[in-house]
Structure formats: C-alpha cells, structure tokens
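Chain identifiers are assigned alphabetically (A, B, ...) following the order of the sequence lines, protein sequences preceding nucleic acid strands; residue numbering begins at 1 within each chain.
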Amino acid sequence: MDDLTLAGGFSDPAQQSAQAFRAVMSALARPGRIEAVRGAEPPAPLSPAAGVVLLTLCDPETPIHLTPSFDLPSLRQWIGFHAGAPIAGADECSFAIGPWDELLPLDRFPQGTSEYPDRSATLIVETPLLEARGATLRGPGIRDTAELSLPEIVAFQRNARAFPLGLDFIFTCGDRLAALPRSTEVA
Amino acid sequence: MYVAVKGGERAIDNAHAWLAEERRGDAGVTELSTEQIREQLALAVNRVMAEGSLYDPDLAALAIKQARGDLIEAVFLIRAYRTTLPRFGHARPVDTAAMRCERRISATFKDLPGGQVLGPTFDYTHRLLDFKLAADGEAPRMPAPPAESQPVPHVTGFLNREGLIEEAAPDDTPPPDLTREPLEMPASRPLRLQSLTRADEGFTLALAYSTQRGYARNHAFVGELRIGAVAVEMDIPELGFAIEIGEVTLTECETVNQFKGSKTEPPQFTRGYGLVFGQSERKSISMALVDRALRWEELGEDFTGAPAQDTEFVLYHADNIQATGFLEHIKLPHYVDFQSELELVRKLRREAGAGDTPEQMEAAE
Amino acid sequence: MSDDYNFAYLDEQTKRMIRRAILKALAVPGYQVPFASREMPMPYGWGTGGVQVTAATLTPDDRLKVIDQGADDTTNAVSIRKFFERTAGVEVVTSTSEASIIQTRHRIPEEPLSDDQILVYQVPIPEPLRFLEPRESETRKMHALEEYGLMHVKLYEDIARHGHIATAYAYPVKVEGRYVMDPSPIPKFDNPKMEMAAIQLFGAGREQRIYALPPWTRVVSLDFEDHPFDPSKAEHPCALCGAADSYLDEVITDDQGGRMFVCSDTDYCESRRAAGHRGELAEDAA
C-alpha cells in the first residue's frame with residue numbers, strides 16, 4: 001500500500017462527513033443547486049467532490065461500480081482503504097462512478113422495485129462542466145423552474161418517466177457538485 | 001392571570017434526583033452490590049442478557065440495580081449500551097452438542113445415552129416459602145460434586161437415524177440480522193429465531209401457551225432440554241484458524257412435534273427450536289413452540305388464523321423495548337392532537353343539535 | 001460536549017446508513033424508506049426516529065430547536081435538546097427563525113420556514129394505511145400498486161356518517177400525485193404549511209422508516225370535490241398575544257368551566273408579545 005492510498009481521507013470524519021452530507025442533501029433536495037465540498041484528496045481521475053461523496057456515503061455495505069477509465073488499482077485501493085466498499089458489477093452496485101459516456105446504458109443499474117423503489121443505484125457522474133444553466137428542471141425541490149448543465153436530456157426524461165423507480169444522479173466537477181433525483185422532470 | 005407552564009428542565013432534574021434517592025431506598029439497609037445481584041439473582045440476570053441480546057452478567061447485574069429491579073427497564077439499558085459497541089466480527093456457530101451440560105432432560109425417552117440430569121431446577125421443589133432464607137442462613141452444601149460432564153448426543157439425533165424426524169440440514173448462509181437491517185416480511189426462519197430469542201418472555205410464553213390450548217396446536221414434546229456452557233470461537237483471518245474467545249451458558253430446547261405428512265413429505269416428526277442465553281428454560285421451551293407454530297407455511301400446514309402462526313403479528317409485537325416505549329409514550333403530552341379532536345367533536349355535536357350519540361363519541365377516538 | 005460518545009451519539013457507519021436512507025427518501029418524496037433503526041438511549045415512541053435523523057443531519061455549526069406540541073419547554077423537548085447539547089455540542093435555540101434544524105413532535109411552527117432550514121418530524125406510525133390494514137406486507141403492495149381506494153372509502157364513510165371527514169390530526173396527504181403519506185400527528189390546521197421552502201424529514205424509529213419532502217413538493221390533503229379539505233381550528237384569538245391565525249391550546253383555568261385559548265407555538269406567542277401584541281388576558285392588558 002503506497003502513500004497515495006493512505007492519504008486523502010477525512011482528517012475529522014465525524015464533522016467533515018456531516019458537513020459533506022448536508023451539501024449533498026441540499027443539492028439533491030434542490031435540483032439545480034450547486035454546492036462546494038471539501039476534505040477529500042483522492043487519486044486521479046477521481047475529483048475531490050466525488051471523493052467526498054464516497055467517503056460520506058459509502059462503506060462495506062455499499063458495492064461500488066467503477067467505469068472502465070476509473071477502474072484503476074490506485075482507485076480501488078483508495079476506496080478499499082478509506083471506505084471499505086467492495087467493487088461490484090453494474091447490476092449489483094449501490095453507487096457507480098465515472099464519466100457520463102462510460103455509465104451508459106443506464107438500464108444496467110438497479111432501478112429499485114415497485115415495493116422498494118429505494119433499492120436503486122446512485123450514479124456519481126464526473127463532468128468537465130457544471131453550471132446552473134442548461135436544461136430546464138421541474139419537480140420536487142424546485143419552486144418554479146431551475147436550470148442545470150446536463151450531459152444530455154433524453155436519458156433523464158426516460159428515467160423520470162419510470163418514477164417511482166429509477167436512478168438518482170450526483171454530478172461532480174472539481175470540488176463542486178449538483179444532483180438530479182428521479183423525481184425531476186427535464187426539458 | 002394565567003402563566004404558561006415553564007420549568008421543564010428543572011422538573012426533569014428534580015425528578016432524576018428523587019429517582020436516585022428512591023433507588024437507594026432506606027440508607028440504613030446495606031446497599032446491594034452488583035456481585036450479589038449477579039450471584040444471587042442469576043435468573044433475572046439471565047433474562048436481562050437474553051432479552052438485551054448481550055452476554056455480560058456484570059453489566060446485566062448493574063442494569064438490574066440501576067433499574068430498581070424493573071427487568072424491562074434493565075433490558076432497555078443493556079440494549080442502549082449494546083448499540084454503542086463496535087462490531088469486530090462474527091463468532092462461529094456454537095456447537096451445542098459439545099455443551100458441558102449441567103442439566104439435560106428428555107420427556108420423550110425414559111433413559112438414553114448421557115442420561116437424564118436434573119441439575120439445578122425448581123421443578124420438584126414444593127413451592128413453600130422458605131423462611132430460613134429470611135434469616136441469614138448458612139450457605140447450603142451440595143451433597144456430592146458432579147463428575148466432569150462429557151458431551152452428550154442430541155436426542156433428536158436418535159430419531160434422525162430412523163428417518164422419523166425431519167432433517168435439519170446444515171446451512172452456511174449467513175443469517176440475516178435484525179439489529180443491522182430493518183425487519184422485512186416474509187421473514188425467514190433464522191430471522192424469526194433471532195427475533196424470538198430476544199423476545200419478551202411473557203409474550204413468548206403466552207403465545208406458546210395459546211398453541212397448547214388449541215390456537216394452532218402442534219402437539220409438542222420436549223425432545224430435549226439442555227443447559228450448560230459452550231465455547232465461542234472466532235475465525236482470525238491473520239491466523240488462519242479459529243480461537244476460543246470465551247464461553248457462554250445457553251439453554252437449548254428441541255421439541256418433537258406431530259406431523260401427519262403432506263403431499264411432498266411422508267409422515268414424520270417435525271422440530272421446534274429454542275436457544276436462549278443463560279438458564280432460561282421457560283423462555284426456550286416457549287420459543288420452540290412458537291417457532292414450530294410459525295413454520296406452518298414451509299410444512300404445508302393450514303393457516304388457522306391463530307396468533308402464534310402469524311409471523312407479522314408475532315415479530316412486530318415480540319420486542320418488549322419497542323412495545324414498552326410506544327405504550328408509555330402516551331404519557332407524553334398530546335394536547336395538540338387532543339385539541340383538534342375536541343374541536344371536531346364540538347363541531348359534530350353542534351351540527352347534530354348537541355345530541356350525544358355513541359357514533360359521535362366514536363368519531364373522537 | 002461529552003467526549004465519551006461519538007459526535008451526535010451515533011457511530012459513523014450508522015449515520016451513513018441513515019444518510020443514504022434520507023437521500024433516497026428525498027428522491028422519492030412520500031415513500032417510506034426502511035432503515036435499520038438503532039436502539040437509542042431514550043424509549044421507542046419518544047422520538048427515536050427524529051433523534052436519529054437529526055443526529056445524522058447535524059453539523060457542529062447548526063443551531064438546534066426542539067419542540068413538542070409547539071412548545072420548547074415541554075419535558076420531552078427539553079430532554080431531547082439536552083441530549084444533543086451533550087453529545088453534539090451544538091448551539092440550542094428557541095427562536096424559530098434563528099434555528100437551522102428544528103426537531104418537532106406534533107406541530108409545524110407558525111412562522112414560515114426559510115430555504116436554509118430543516119424540519120425533522122418525530123413519527124409514531126408512519127404508515128397512513130396502517131389502521132385500515134394492519135399488515136405491512138399488504139400496505140407495501142398497496143403503495144406499490146397505488147391502490148388507495150380503501151383510504152377514500154374510509155374518508156367517505158366518515159362523510160356519510162358525520163357529514164365531515166372525522167380525522168382531525170395525522171390527516172393523510174398525497175405527495176406529488178403519487179404516494180399517500182402520513183404527515184405525523186400534526187393537527188390538520190398545519191397540513192397546508194407542508195408546501196414550504198425548508199426540507200422536511202420524517203423519522204419513525206420503532207417502525208424503522210424514514211421519509212421526506214424536498215422544498216415546495218406538492219402536498220395535497222385528501223378530500224372530495226363536494227367535501228373540500230378544511231384546515232379549521234378553534235375560533236378564538238390567543239388570549240396572551242391576540243394572534244388570530246395561530247393554532248391554540250385550550251387551557252382549563254378553574255373548576256367552574258373557565259378556560260382560555262393560547263398559542264401552542266410558544267416562540268411565536270412570545271415574539272408577538274415582545275413586539276407589543278396583547279391578548280385579552282395578557283398580564284398588562286387593560
């Protein structure tokens with residue numbers, strides 16, 4: 001195990017994960033809102049924001065799927081050491097991480113069941129651009145409308161149509177993140 | 001002039017101080033030590049360990065002392081403490097066949113290998129108050145020290161050889177854990193057994209009794225009841241083998257139940273199973289009867305509507321910490337919801353011309 | 001703050017499990033997410049669900065307000081507030097507008113909440129269908145199939161019998177046109193406030209469920225066209241602050257049938273009196 005693996009975790013897990021969770025919750029409860037987070041310095045190509053999300057939400061109970069360009073020994077070791085989360089296939093993961101084009105197609109991921117719609121995956125989408133401009137969002141958490149830069153539209157429309165089943169998305173870019181739950185209508 | 005009630009904080013502090021004083025009782029009477037509770041109220045300690053799901057006689061004794069002898073309150077203290085403990089790993093399944101039995105009886109065979117060992121039981125005592133205990137009696141002497149006991153075989157094993165009792169095949173699937181995952185229906189047998197071993201003794205007893213009186217009667221015989229110490233072993237990955245980390249006393253009950261056979265199974269006996277921390281005979285027998293009643297579906301029996309057959313009913317109401325909390329919460333203020341009911345009843349009465357009909361009373365429930 | 005326990009009492013793995021449940025609850029508003037509720041050092045039924053949700057949500061920078069029946073000074077509210085003072089070292093407040101997290105039992109504060117606030121409800125029975133169908137396996141199917149006919153039948157039977165829907169608190173709502181949800185035992189007077197700027201989180205410890213409403217989620221109290229929902233309350237002003245728009249407690253003042261009505265929201269009432277409003281029985285009223 002090298003130094004890169006051991007470094008980059010939370011220095012004060014209880015407080016830093018509490019603050020990070022509030023940022024993630026705020027983003028998910030208000031689609032379109034962009035939050036800044038800090039505390040994690042994961043090895044590339046994982047962004048600090050995605051690292052924070054992992055440290056805050058993942059542990060041995062949450063299998064993680066890494067897309068091809070993220071499935072690197074350095075990342076596997078960092079996740080294993082800091083979160084203890086097992087690496088899993090797309091069809092059995094709780095979280096998946098990677099760039100948008102590598103996450104497709106989305107129907108590979110658990111969508112939840114009609115009795116347990118919560119048993120669906122959360123996708124952490126690493127994006128080069130994140131701003132409150134672009135697609136128009138409507139739904140819970142949004143008073144009228146909001147906007148968010150999304151990698152495409154159709155996939156999210158299809159996801160929302162399956163409500164209450166479907167995936168939830170966290171977009172990460174550097175030290176910032178935004179989120180799009182399945183309940184949001186995208187146009 | 002009305003002044004809104006204030007001072008909740010001071011009231012709580014005062015109540016705590018009073019409680020502490022009451023707990024101690026008359027200061028002229030010697031204080032009870034936790035060692036005395038552990039040694040002399042051992043069956044209370046056992047019950048608190050069983051329903052608290054934590055094997056630690058010293059902590060259970062402390063909880064009983066702190067709870068002023070209220071065993072459900074003591075179980076609560078243990079449960080609340082238990083949740084703060086880190087989980088280092090899982091023990092291997094304990095081997096009750098290797099138990100050092102201090103008591104072992106079978107109701108189905110007069111004599112059998114290993115013999116009938118009565119052990120320390122109330123069974124044949126006459127329930128006459130012993131006034132010698134009220135005076136400071138001398139420590140009673142055991143007539144002869146028991147020989148070092150050898151492992152004794154399970155009674156159901158004898159029936160198994162003839163194929164007369166259903167097989168309980170070994171299964172290495174990790175059992176679910178209701179302390180780590182939300183209870184989910186339908187519940188598998190391991191989950192039901194975990195729930196029952198922590199269940200309130202009184203509730204389990206009443207359900208078991210109801211099966212004997214005909215609410216899902218299943219004709220149980222105590223095939224075997226054994227009490228004794230078993231070793232707890234844990235696999236240590238770094239070592240590559242298991243080491244013994246301690247010892248627990250358990251009560252195990254296996255019942256042999258009548259079964260007429262079904263479309264897929266020939267007539268044979270079936271099993272009910274009870275396993276409880278400490279010497280807890282009543283609880284383990286009750287557990288075995290309720291376990292057997294809950295197995296109606298897998299054995300292809302009819303659901304007769306009996307409470308002991310109803311998994312949701314049994315599992316959702318067996319936990320005395322959940323039950324007592326919710327029951328006692330109705331002591332908390334409810335004046336907001338009561339006020340809304342008051343307004344509704346007044347409105348309904350106004351519209352009905354102030355007639356006080358039973359239907360309107362019902363609406364206020 | 002006590003160092004004997006982890007920040008906000010719960011261990012990190014438990015908090016992660018609760019946090020994941022909260023996020024799924026926000027993603028599917030009104031749906032009850034099962035979670036492995038832990039045994040807390042206070043009894044089930046006394047707010048263990050709300051306490052676990054608050055514990056998983058608190059940061060050291062928060063200002064926590066705890067109310068029971070609308071009041072900061074009721075004994076159980078005091079007890080829960082003390083618990084977090086001791087285990088999380090957070091600042092506790094009674095002012096609604098100053099609080100960043102408000103844990104509540106049975107009320108929504110009168111003062112509208114803002115979008116940087118979180119309201120955490122203590123929930124005794126989260127399943128709105130439970131009193132119509134006691135089996136969890138059945139109610140879960142009913143939610144899955146959106147089969148809420150039984151609830152409408154029950155409400156309609158009330159109307160046939162009493163001329164009104166005879167539910168005065170814990171009045172069921174439909175969330176975003178999909179899930180029927182129990183708003184916890186708040187008076188129906190509070191139901192219309194649920195479309196609000198703050199995040200609303202609901203925790204049921206004994207029943208092991210968490211559910212949530214993101215800000216401005218559509219929350220509709222169930223009703224019928226010819227019997228619209230009516231959030232009425234006692235038709236009196238508060239005897240202390242004179243407010244005509246607040247939910248009132250009825251206080252018995254003597255054994256001759258004397259009574260008075262005062263705000264159940266103590267902070268609201270005190271703020272109004274501090275601003276010079278007076279009711280007919282206020283100390284310095286004429």
Side-chain angles (χ1 to χ4, degrees), chain B residues 1-9 11-12 15 76-77 79-84 86-87 177-186 312-313 316 319 321-330 332-348 351-352 359-360 362-364, chain C residues 5 9 11 34-41 43-46 48 68-70 73-79 82 105-107 124 134-137 158 161-164 166 168-170 185-189 206 208-209 232-234 239-240 247-251 253 260 262 264 266 269 281 283:
Chain B
M1 167 52 213
Y2 168 78
V3 181
V5 183
K6 281 272 166 196
E9 190 146 7
I12 288 175
F76 185 9
L77 288 168
R79 291 268 192 96
Y81 178 74
R82 181 190 188 279
T83 48
T84 66
R87 178 166 298 208
D177 182 350
L178 60 81
T179 69
R180 311 293 285 185
E181 296 142 37
L183 185 58
E184 194 183 301
M185 296 295 157
E312 281 205 29
F313 180 82
Y316 276 116
D319 189 284
I321 301 309
Q322 291 177 356
T324 197
F326 197 55
L327 180 101
E328 296 195 46
H329 108 283
I330 62 176
L332 289 177
H334 281 81
Y335 30 80
V336 165
D337 13 345
F338 182 69
Q339 184 65 35
S340 59
E341 296 273 84
L342 262 181
E343 296 300 331
L344 179 68
V345 175
R346 284 187 182 131
K347 183 174 179 179
L348 293 175
E351 288 171 9
E359 281 190 355
Q360 284 160 348
E362 211 173 282
Chain C
Y5 292 99
Y9 186 76
D11 62 277
F35 84 112
S37 173
R38 299 292 195 251
E39 261 129 353
M40 299 299 285
Y44 284 119
W46 297 55
T48 55
D68 188 341
Q69 315 295 301
D73 202 41
T74 36
T75 41
N76 204 42
V78 170
S79 168
K82 267 187 153 174
R105 178 168 170 263
H106 295 189
R107 275 311 313 273
R135 271 165 217 288
E136 167 65 18
S137 45
D158 278 3
R161 231 167 143 185
H162 309 293
H164 295 280
Y169 63 91
I186 56 173
K188 63 179 180 171
F189 171 80
R206 191 179 38 79
Q208 308 189 311
R209 297 289 184 272
S232 65
K233 54 137 194 148
L240 298 181
Y247 193 76
L248 303 170
D249 287 337
E250 182 172 332
V251 181
T253 51
M260 62 189 284
V262 296
S264 106
T266 49
C269 196
L281 293 178
E283 210 162 24

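Considering only heavy-atom pairs separated by less than 4.5 Å from chain B, the leading option among Arg135(C), Met40(C), Arg107(C) is Arg135(C). Residue with the most contacts toward chain C among Pro182(B), Pro186(B), Gly325(B): Pro182(B) (heavy-atom pairs, distance under 4.5 Å). Contact tally against chain C (heavy-atom pairs below 4.5 Å) for Glu184(B), Met185(B), Glu181(B), Arg180(B): the top residue is Arg180(B). Between chain B and the options Ala239(C), Ser264(C), Ala168(C), Pro187(C), the largest number of non-hydrogen pairs under 4.5 Å is found for Ala168(C). Among Lys188(C), Arg38(C), Arg105(C), Glu136(C), the residue with the largest count of heavy-atom pairs under 4.5 Å with chain B is Arg105(C). The greatest number of non-hydrogen atom pairs below 4.5 Å with chain B, out of Asp158(C), Ile186(C), Asp11(C), Leu248(C), is found for Leu248(C).
A donor-acceptor pair under 3.5 Å links the side-chain atoms of Gln69(C) to the main chain of Tyr335(B), judged by distance alone. Looking at Arg82(B), its side chain never comes within 3.5 Å of a backbone N or O of Glu39(C) through a donor-acceptor pair. Not one N or O on the side chain of Glu343(B) forms a donor-acceptor pair closer than 3.5 Å with the backbone of Ser232(C).
If you measure heavy-atom distances from Gln339(B) to chain C, the contacts under 4.5 Å come from both the backbone and the side chain.
What you find for Leu342(B) and Glu250(C) is that their closest heavy atoms are CD1-OE1, 3.6 Å.
Counting heavy atoms from C-beta on, the side chains of Phe313(B) and Pro134(C) never come closer than 4.5 Å.
Sparse packing is recorded around OH of Tyr81(B), with 12 or fewer heavy atoms of other residues, nucleotides or ligands lying under 6.0 Å away.
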Output, in order, the C-alpha distance, side-chain angles, deciding distance and verdict of side chain to side chain contact (heavy atoms under 4.5 Å, CB included) for Phe189(C) and Val336(B).
CA-CA 11 Å; Phe189(C) 171 80; Val336(B) 165; over 6 Å; no
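Between the NE2 atom in His106(C) and the CG atom in Asp337(B) there is a gap of 4.5 Å [rounded to 0.5 Å].
Remark: Thr75(C) engages Ile12(B) in a side-chain contact (heavy atoms from CB on, under 4.5 Å) (not counting sequence neighbours).
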